K.L.:
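Below you will find the structure I want to go over with you.
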Protein chains: 2
Amino acid sequence: MNSPIRIQSCSNCGLHDMCLPLALTQPEMQQLDGIIKKSTPYRRNEAIFRQGDAFHSIYAVRAGMVKTTVVNARGEEQITGFYFPGELLGLNGLHENIYTGTATALETVSLCEIPYIKLDELSALLPELRRQMMRHMSQEIADEQDMMLVLAKTSAEERLGNFLLRLSQRFKRLGFSSTQFRLPMSRVDMGNYLGLAVETVSRTLTKLQRRGVIKIEGKEVTILDFGGLTCLNGNCDEEPEPLRIA
Amino acid sequence: MNSPIRIQSCSNCGLHDMCLPLALTQPEMQQLDGIIKKSTPYRRNEAIFRQGDAFHSIYAVRAGMVKTTVVNARGEEQITGFYFPGELLGLNGLHENIYTGTATALETVSLCEIPYIKLDELSALLPELRRQMMRHMSQEIADEQDMMLVLAKTSAEERLGNFLLRLSQRFKRLGFSSTQFRLPMSRVDMGNYLGLAVETVSRTLTKLQRRGVIKIEGKEVTILDFGGLTCLNGNCDEEPEPLRIA
DNA sequence: AGTAAAAATTGATTTCGATCAAGGGTTTTA
DNA sequence: TAAAACCCTTGATCGAAATCAATTTTTACT
């Protein structure tokens, strides 16, 4: 039913499958084991770290999905990202040694914990891992800038289309079907992330379904027409077909 | 008239004033000089790097202000940030060796260029500089997440209020007045950054002025009531005074 | 299994900000 | 110093999505 996405542990770094192909010697592997802790699993809705907590670790997702949120002074909450296996959590904690957001498990989640104080030690041992981490940070900056564009400039339909496409790509990268997958988050969460009311999310999904671009049954999504979705992002010449109401 | 904000070069790292207080020996300083290039000044509207260019360098702003933009497939452009002296440009280029955005000088700008291929060399020479860079990246991630919240959840008034406050803080950090400063960007740019139409920016600034929170004459801003602005961000108990039309 | 609680859908109405339109200012450039 | 290009402001209208409201479906719990 609600089984989390699970991937094999990376045979090179022991973190996850998405690692660089590092060529490690046996003693290096053992050293690594002493630094990186495999955490006990987190359950649905359990917090991994909270906004304002003292920063102590970066986490790599091994299985399951995680959301991160920030809260402003007025108490409004914004989901800032969904994290898949192979992605890193807590990168925004380094600059002032405080987590600037909260990470919550969307389902049963298992993680690797990399204590911050071991980071230099780790860097020395594995310079490639450090570079990898910087690439992850760079990726996150680029992704968030794209998200700013989405939030500032696009319609509800475009946002949902873009969102589904990006989910699809990530499932594909993990070796799962890119045309059929299970949404790990609620409609409320989608709306929160995309800056839309739940009602708008629901209506828009229905609209896309009527148009024959997707099929959606509860949390199960099937993408029927990638072209139609890509169109919404402007990657096509013609405008999408206007909805013809029966 | 249009003189860029200029700060003294950092006596430690030679990059800028905002650096960590690094204790460098004379030979270390000389090595650094060979790695970091002081670029020729860029003029208003000149591009420093463009979206899609091969990634080659990270830049530190020494004087003047810079904006960065991303463009989506439909050709819509979004300003993703304004960069002040002491801040780093190009951090989003590392992950796939391509700049994922464009950086443009808002006024005459001088920069330090740190070639990417020298980055490892530099890291070895100055581990503290590497940590500093990671902190900058972390800061950028956190800032952008805050911006996502602003774009997804707040009204035009709140966005402008938040924007002016953050500008004010940055001017203060550079040793300038936090209550009176010159906006380095046009109303169009503000609107673009904040996800608002120019007309809305203009109207909202007028409204804030009528309410006596700010005074604005062209590009010169005076903040008259910090409390009033902070209120807009939810950092106060009472709601802001509704505008009483004369 | 049965019930309570939570999540999702659909409809009606309202609202904030986009868009359209026009006029006045202010820098550039020749 | 003209004129051209751009920038800013204000007004009127319109529309996409928020909000309010009600029902149905799904999930969680005893």
Side-chain angles (χ1 to χ4, degrees), chain A residues 1-3 43-46 67 76 78-79 106-108 150-161 163 182-210 214-221 232 240 242-243 245-246, chain B residues 1-3 43-46 67 76 78-79 106-108 150-161 163 182-210 214-221 232 240 242-243 245-246:
Chain A
M1 270 299 89
N2 208 14
S3 62
R43 303 229 222 102
R44 199 162 120 76
N45 293 325
E46 204 177 334
K67 70 174 174 186
E76 290 156 328
Q78 170 72 24
I79 294 177
L106 282 171
E107 48 191 350
T108 304
V150 168
L151 290 173
K153 298 272 181 329
T154 72
S155 69
E157 224 171 80
E158 292 168 287
R159 291 185 206 190
L160 260 307
F163 178 68
R182 189 183 164 77
L183 295 169
M185 74 292 284
S186 69
R187 302 283 196 271
V188 174
D189 279 353
M190 285 193 249
N192 184 316
Y193 178 58
L194 297 170
L196 299 171
V198 210
E199 295 95 326
T200 307
V201 172
S202 197
R203 267 187 262 273
T204 307
L205 288 177
T206 306
K207 218 198 289 186
L208 290 176
Q209 183 164 227
R210 278 212 206 111
I214 57 168
K215 187 155 88 71
I216 190 157
E217 281 175 305
K219 307 239 176 213
E220 286 295 333
V221 182
L232 290 173
L243 173 63
I245 294 146
Chain B
M1 271 297 89
N2 208 12
S3 61
R43 305 231 220 101
R44 199 163 119 77
N45 292 326
E46 205 176 333
K67 70 174 173 184
E76 291 156 328
Q78 170 72 24
I79 295 178
L106 281 172
E107 48 191 349
T108 304
V150 168
L151 290 173
K153 298 270 178 340
T154 71
S155 69
E157 223 170 81
E158 291 167 288
R159 291 186 207 190
L160 260 307
F163 178 68
R182 190 183 162 76
L183 295 169
M185 74 293 285
S186 69
R187 303 282 196 272
V188 175
D189 279 352
M190 284 192 250
N192 184 316
Y193 179 58
L194 296 171
L196 299 171
V198 211
E199 295 95 326
T200 307
V201 172
S202 197
R203 267 187 262 272
T204 307
L205 288 177
T206 306
K207 219 198 289 186
L208 291 176
Q209 184 165 227
R210 280 215 203 109
I214 57 169
K215 188 155 87 71
I216 190 155
E217 282 174 306
K219 306 237 177 215
E220 286 295 334
V221 182
L232 290 173
L243 174 61
I245 294 145

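Just so we're clear, the structure is a prediction, and the values are computed from it rather than from any experiment.
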K.L.:
Using whole Å, report how far CE of B/Met190 lies from C1' of D/dC7.
P.N.:
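Rounded to the whole Å, the gap is 11 Å.
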
K.L.:
Taking all heavy atoms of A/Gly195 and all of B/Ala152, pick out the closest pair and write down the distance.
P.N.:
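Looking at all heavy atoms of both residues, the shortest contact is CA-CB, 3.8 Å.
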
K.L.:
Mind calculating the distance between CD (A/Gln209) and P (C/dA8) to the nearest angstrom?
P.N.:
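Distance check: A/Gln209 CD to C/dA8 P gives 15 Å.
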
K.L.:
Can you tell me the distance, in whole Å, between the CG atom of B/Asp189 and the C1' atom of D/dC8?
P.N.:
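That distance rounds to 14 Å.
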
K.L.:
Rounded to the nearest 0.5 Å, how far does CD of A/Glu220 lie from CZ of A/Arg182?
P.N.:
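A/Arg182 CZ to A/Glu220 CD: 6.0 Å, rounded to 0.5 Å.
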
K.L.:
Return one dot-bracket line describing DNA chain C 5' to 3' (Watson-Crick or G-U wobble pairs, both distances under 3.5 Å; ( ) same strand, [ ] crossing, | another strand, . none).
P.N.:
||||||||||||||||||||||..||||||

K.L.:
What does A/Lys153 touch in the nucleic acid at a heavy-atom separation under 4.0 angstrom: a base, only the sugar-phosphate, or nothing?
P.N.:
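No contact.
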
K.L.:
Would you say NZ of B/Lys215 has more than 12 non-hydrogen atoms from neighbouring residues, nucleotides or ligands within 6.0 angstrom?
P.N.:
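Check fails, neighbour count at 12 or below.
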
K.L.:
Would you mind reading off the distance between B/Leu151 atom CG and C/dG17 atom P, rounded to a whole angstrom?
P.N.:
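The answer, rounded to whole Å, is 13 Å.
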
K.L.:
Quick one: label B/Ser186 by what it contacts on the DNA or RNA (base, sugar-phosphate, nothing), any heavy atom closer than 4.0 Å.
P.N.:
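Since only primed, P, OP1 and OP2 atoms lie under 4.0 Å of B/Ser186, the category is sugar-phosphate.
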
K.L.:
Would you say B/Lys219's side chain and B/Met185's backbone share a donor-acceptor pair under 3.5 angstrom?
P.N.:
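Side chain of B/Lys219 to backbone of B/Met185, a donor-acceptor pair under 3.5 Å: yes, one is there.
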
K.L.:
Nearest 0.5 angstrom please: B/Phe163 CZ to B/Leu196 CG, how far?
P.N.:
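Reported value, rounded in 0.5 Å steps: 10.5 Å.
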
K.L.:
I need the single residue from B/Gln78, B/Arg187, B/Glu76 that forms a side-chain contact (heavy atoms from CB on, under 4.5 Å) with B/Asn192. Which is it?
P.N.:
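Result for side-chain contact (heavy atoms from CB on, under 4.5 Å) with B/Asn192: B/Gln78.
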
K.L.:
Dump every N/O contact between nucleotides 16-22 of chain D and the protein below 3.5 Å, one line per pair.
P.N.:
unit_1	atom_1	unit_2	atom_2	d
D/dA17	OP1	A/Ala156	N	2.7
D/dA18	OP1	A/Gly195	O	3.4
D/dA18	OP1	A/Ala197	N	3.3
D/dA18	OP2	A/Ala197	N	3.2
D/dA18	OP2	A/Thr200	OG1	2.3
D/dT19	O4	A/Arg203	NH2	3.0
D/dC20	N4	A/Glu199	OE2	3.0

K.L.:
To check you understand the geometry: which heavy-atom pair defines the closest contact between A/Gln209 and A/Ile216, and what is its length?
P.N.:
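Where A/Gln209 meets A/Ile216 most closely, the heavy atoms are OE1-N, 2.8 Å.
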
K.L.:
Of the non-hydrogen atoms in B/Tyr193 and B/Leu151, which two are nearest, and what is the gap between them?
P.N.:
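Answer, listing the atom of B/Tyr193 first, then B/Leu151: O-CD2, 3.9 Å.
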
K.L.:
Just to confirm, is there a sub-4.0 Å distance from OP1 or OP2 of D/dT10 to any side-chain nitrogen or oxygen of B/Thr206?
P.N.:
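It does, given that an N or O in the side chain of B/Thr206 lies less than 4.0 Å from OP1 or OP2 of D/dT10.
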
K.L.:
How long is the line joining CZ of B/Arg182 and P of C/dT26, in whole Å?
P.N.:
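Going from B/Arg182 (CZ) to C/dT26 (P), I get 13 Å.
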
K.L.:
Quick one: A/Met185 CE to C/dA7 C1', roughly how many Å, whole number?
P.N.:
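Computing the A/Met185:CE to C/dA7:C1' distance gives 15 Å.
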
K.L.:
In this structure, how many angstroms lie between the P atom of D/dC8 and the CG atom of B/Leu208, rounded?
P.N.:
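So the CG-P distance, B/Leu208 to D/dC8, works out to 17 Å.
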
K.L.:
Under a 3.5 Å distance rule, please check whether A/Thr204 uses its side chain to pair with a backbone N or O of A/Thr200 as donor and acceptor.
P.N.:
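Judged by distance alone, yes, a pair lies under 3.5 Å.
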
K.L.:
Given atom CG of A/Leu183 and atom C1' of C/dA8, what is their separation to the nearest angstrom?
P.N.:
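Those two atoms, CG and C1', are 13 Å apart.
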
K.L.:
Check whether any side-chain N or O of B/Lys219 sits under 4.0 Å from OP1 or OP2 of D/dC7, and answer yes or no.
P.N.:
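False: B/Lys219 side-chain N/O out of range (4.0 Å or more) of D/dC7 OP1/OP2.
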
